[in-house]
Amino acid sequence: MTLKPNGAAYEGLKDELLLTKDEIAAKVAELGAQITRDYEGKDLVVICILKGAVVFFVDLIRKIDLPLTMDFMSISSYGSATKSSGVVRILKDLDKPINGKDVLVVEDIVDSGMTLSFLRDNLISRGAASLKIATLLDKPDRRKVPLHVDYCGFVIPDEFVVGYGLDYAEQYRNLPDIGVLRPEIYTK
Ligand code: IMP
Ligand code: MG
């Protein structure tokens, strides 16, 4: 177990980190190597789901040793609360069409699965040649709709986590590590 650093950015987290930056970096390198093997010779476009996936995305693409393009999409199923509303809205769409492309969607965490299940159908309907999902974290205990994840960093227990891009009320995205938010932060 690793204790959190003393910095003010970590206030509100439990003392013990869930995943350290070194553990995350090792996993991201592993996923990048696997993706590099799987996409050789393909027309790869990697899509970052803003904002939560952005830190994972910038690390992951630099571990993919292939020609690729990137695009960004922002969708919302969460307000600032810790539970999914079930309503998915596109706040920012892709810049370029993806028909004929081999699409890899990069997400921070799969929880109920509703966001990515909506997104998968939406992107497939645009004529992608293939579509796979990479997520840093997966909370399978909370799944409400079935969803196949192709690349998963870590399966984690049902706790609200922040850091490395993941937020609570837009805070904590800048932490290099991932920790568990103290429940009193979101129940008060
Ligand atoms: P889903 O549609 O319920 O799978 O929601 C996935 C989205 O919920 C993620 O992209 C996150 O933005 C958010 N989310 C789910 N669990 C957590 C968490 O533990 N910490 C931070 N955000 C979370
Ligand atoms: Mg998100």
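All ligand and atom numbering here is 1-based and tracks the order in the structure.
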Item to check | Under-4.0 Å salt bridge between R143 and D158 | outcome: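 No, this pair does not count.
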Next on the checklist: Does this structure show an ion pair linking R173 with D108, if we count only N-O contacts that are shorter than 4.0 Å?
Outcome noted: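 No, this pair does not count.
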Numbered atoms of ligand 1 (with element) below 4.0 Å of [X], judged on heavy atoms:
X    : value
L166 : 20 (N), 21 (C), 22 (N)
E159 : 19 (O)
E107 : 10 (O)
D108 : 9 (C), 10 (O), 11 (C), 12 (O)
T115 : 1 (P), 2 (O), 5 (O), 6 (C)

Next on the checklist: Under a 3.5 Å distance rule, please check whether K139 uses its side chain to pair with a backbone N or O of I109 as donor and acceptor.
Outcome noted: no
Checklist entry - Can you check whether D102's main-chain N or O pairs, donor with acceptor, with D43's side chain at less than 3.5 Å? => result no
Item to check | ligand 1 N/O within reach of V161 N/O, cut-off under 3.5 Å | outcome: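 Min N/O separation from ligand 1 is below 3.5 Å for V161.
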Item to check | Backbone or side-chain N or O of G113 under 3.5 Å from ligand 1 N or O | outcome: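 Yes, G113 has an N/O under 3.5 Å of an N/O on ligand 1.
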Item to check | Atom pair OG/NZ of S76 and K92 - distance to nearest 0.5 Å | outcome: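 One finds 15.5 Å between OG of S76 and NZ of K92.
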Checklist entry - About how many Å separate OH of Y151 and CG of L60, when rounded to the nearest 0.5 Å? => result 10.0 Å
Checklist outcome for this item: Candidates V180, I109, V162; heavy atom nearest atom 6 (C) of ligand 1 found on I109
Next on the checklist: Please determine whether salt bridge (charged side-chain N to carboxylate O under 4.0 Å, His left out) holds for the pair K101 and D71, giving the CA-CA distance in whole Å, both sets of side-chain angles, and the decisive distance to 0.1 Å.
Outcome noted: CA-CA 12 Å; K101 301 278 187 186; D71 209 338; over 6 Å; no
Within-shell test, [X] vs ligand 1, heavy atom, strictly < 4.0 Å:
X    : value
K139 : yes
R142 : no
D167 : yes

Item to check | Remaining members of hydrophobic cluster (4.5 Å side-chain criterion), V155 | outcome: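 Direct or chained contacts put V155 with none.
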